[in-house]
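Residue numbers run from 1 in the order of the sequence given.
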Amino acid sequence: MAVCTVYSPHSLKSTCPIPNTSRIQLGSHQKQVIFFTRRKGGNYRSNKLSGTITCEANTIVIGLAADSGCGKSTFMRRLTSVFGGAASPPKGGNPDSNTLISDTTTVICLDDYHSLDRYGRKEQGVTALDPKANNFDLMYEQVKALKQGIAVEKPIYNHVTGILDSPELIQPPKILVIEGLHPMYDSRVRDLLDFSIYLDISNEVKFAWKIQRDMAERGHSLESIKASIESRKPDFDAFIDPQKQYADAVIEVLPTQLIPDDNEGKVLRVKLVMKEGVKYFSPSYLFDEGSTIDWIPCGRKLTCSYPGIKFSYGPDSYYSNEVSVLEMDGQFDKLDELIYVESHLSNLSTKFYGEVTQQMLSLSNFPGSTNGTGLFQTIVGMKIRDLYEQIIAEKKGSSLQAAKM
Ligand SMILES: Nc1ncnc2c1ncn2[C@@H]1O[C@H](COP(=O)(O)OP(=O)(O)OP(=O)(O)O)[C@@H](O)[C@H]1O
Ligand SMILES: O=C(CO)[C@H](O)[C@H](O)COP(=O)(O)O
């Protein structure tokens, strides 16, 4: 439902597209439901009122980019949990839908915009990472419509059959997350994003995660997993990886530096790269904003077994952008002791003391809960909630202001 404000009772003009007949909720000073019928030249006729209408669609759009098997679904489940409630596929819809809906968020998977299905890609010898296999015009049109408060009929790419199924109806949510291979590839789609995240998983770690999932859950052989990663690599380097330069936050996952020549890949070094100067987003920091700090918290208040834990924080530059980087190498032994670390982090956008620890404890069975992946995904979740609340508060403020004029 688009939220609109009616200014003057005489002229009728809209600054945004409204479907032919639409239910419009007026500003809070004048709550009533009215119907609009579209007329020529962007004018609308209503059953109850006339006036100039400014549509303030309240959908904010978040982009999450990563290669397949790099933890997007896990991150999405953490994000949904920050807003409370669980996410599920559209009720009564296609059981193979990739969409997840909760009270606040709708997560759509950009695989649904594959223009070539599995057979088409095979025939043309292209991977799903190649822009030629994706319909960016439709992606742009539909994300734009949802952001404007208009429902869309989005295609479904069926990962079971490898073909495109009939579309599903997606209503504009409060927060729309577009996750997948290319949320920041097309500049038109990129410009619609209120915030963007890139999960940058190093090759060694990606390989370990993929083996764990695809061998255990999908019955693939080690050789076929290796071959699949190798065959995707050129397109990954050409089309997916470059998107990280546009991200407002990057979560980089690397092998640990605490164990010399580690090749087990169980202990991880994770960096949270946060762009400076992004509207509604102010980076979190350790101890003292802008300083450069190394911190080993192990000791009386934090239990650490081998190889321990090391945090670092400081300013840096990333693709010529000024950033702050928070880093954690190692893993927690006792998750409830995370409160000790949390109390030394600032600007977390939490609602109460210890909220990050509480979130992490409540999802302790999720992958990455004992290391920086879970911690930084949770912090980014808090930041997205804060961004959303700031944008909505600002919009409400300007509607009230306009209504008074
Ligand atoms: N932080 C983490 N630490 C360890 N393993 C992880 C982490 N995040 C994800 N994984 C593992 O990696 C695999 C892929 O994770 P997930 O399904 O979240 O990725 P995805 O990007 O959504 O994948 P796809 O796009 O292929 O559906 C899973 O087996 C999961 O357990
Ligand atoms: O990279 C991917 C996105 O996660 C998939 O490989 C792509 O969507 C094609 O899917 P499938 O392998 O099921 O045909």
At what distance, to the nearest 0.5 angstrom, does OG1 of T350 lie from CE of M382?
7.0 Å
Specify whether W295 and F311 have parallel, tilted or perpendicular ring planes, treating 30° as the upper limit for parallel and 60° as the lower limit for perpendicular.
tilted
Quick test of your reading: applying ring pair (Phe, Tyr, Trp, His ring centres under 6.0 Å), list the pairs with at least one residue in residues 179-206, sequence neighbours left out, ordered by first then second residue.
F136-H182, F136-Y185, H182-Y185, F195-F281
Is it true that R77 and S102 share a donor-acceptor pair across their side chains at a distance under 3.5 Å?
no
Answer yes when K147 and D194 have at least one side-chain N-carboxylate O distance shorter than 4.0 Å, and no when they do not.
yes
Between CD on residue E230 and CZ on residue F236, distance to nearest 0.5 Å
12.5 Å
Kindly assign one of parallel, tilted or perpendicular to the pair Y285 and Y313, based on the angle between their ring planes and the thresholds 30° and 60°.
tilted
Check for a donor-acceptor pair, side chain of T59 on one end and backbone N or O of G149 on the other, with a separation under 3.5 Å.
no
Start with the C-alpha gap between L286 and H344, add the side-chain angles, then the distance that decides, and say whether side-chain contact (heavy atoms from CB on, under 4.5 Å) holds.
CA-CA 6 Å; L286 180 63; H344 290 81; 4.2 Å; yes
Check step by step if side-chain contact (heavy atoms from CB on, under 4.5 Å) holds for L268 and Q331.
CA-CA 8 Å; L268 299 175; Q331 55 194 28; over 6 Å; no
Q243 side chain to L181 main-chain N or O, any donor-acceptor pair under 3.5 Å?
yes
Within the supplied structure, the quantity of interest is the number of heavy atoms (other residues, nucleotides, ligands) at a distance under 6.0 Å from E389 CD; does it exceed 12?
yes
Can any side-chain N or O of K72 pair as donor or acceptor with the backbone N or O of D67 at less than 3.5 Å?
yes
Can you list everything that forms a side chain to side chain donor-acceptor pair (under 3.5 Å) with Q257? Sequence neighbours excluded, please.
none
Calculate, to the nearest 0.5 Å, the distance between atoms CG and CG belonging to L326 and L272 respectively.
6.0 Å
Side-chain donor-acceptor contact under 3.5 Å, T303 with D333:
no
Would you find a donor on one side and an acceptor on the other, under 3.5 Å apart, between the side chain of E342 and the backbone of V356?
yes
Report the residues that fulfil disulfide (SG to SG under 2.5 Å) with C304, sequence neighbours left out, ordered by chain and then residue number.
C298
With sequence neighbours excluded, give me every ring pair (Phe, Tyr, Trp, His ring centres under 6.0 Å) pair touching residues 243-280.
none
Look up atom OG1 in T106 and atom CD1 in I101, then write down how far apart they are to the nearest 0.5 Å.
4.5 Å
Can you confirm if the NZ or CZ of K174 lies within 45° of the ring axis of F83 and under 6.0 Å from the centre of its six-membered ring?
no
State the CD-OG distance between Q377 and S369, to the nearest 0.5 angstrom.
9.0 Å
If you measure from CD1 on I60 to CD1 on I62, what distance do you get to the nearest 0.5 Å?
4.0 Å
Donor-acceptor pair, distance only, cut-off 3.5 Å: does the side chain of T127 make one with the backbone of L129?
yes
Using modelled atom types only, decide if a donor and an acceptor are shared between the side chain of E252 and the backbone of V273 within a distance under 3.5 Å.
no
Sort and list the pairs that fulfil ring pair (Phe, Tyr, Trp, His ring centres under 6.0 Å) and have at least one residue in residues 148-172, not counting sequence neighbours.
H114-Y157, Y157-H159
Hey, does the side chain of N134 reach the backbone of D130 with a donor-acceptor pair shorter than 3.5 angstrom?
yes
Who pairs with Y113 by side chain to side chain donor-acceptor pair (under 3.5 Å), at least two apart in sequence or on another chain?
Q142
Pair M139-D186, side-chain contact (heavy atoms from CB on, under 4.5 Å): steps then yes or no:
CA-CA 9 Å; M139 188 191 295; D186 183 291; 5.7 Å; no
Does the K154 side chain pair with the main chain of D112, one donor and one acceptor, at a distance under 3.5 Å?
no
If I compare all heavy atoms of S228 with all of K210, which pair ends up nearest, and what's the gap?
OG-CE, 4.5 Å
Are a donor atom and an acceptor atom from the side chains of Q359 and T378 found within less than 3.5 Å of each other?
no
T104 side chain to I175 main-chain N or O, any donor-acceptor pair under 3.5 Å?
no
List the steps, then state whether side-chain contact (heavy atoms from CB on, under 4.5 Å) holds for T105 with M76.
CA-CA 10 Å; T105 59; M76 284 304 99; over 6 Å; no
Could you tell me whether a side-chain N or O of K132 sits under 3.5 Å from a main-chain N or O of R121, the two making a donor and an acceptor?
no
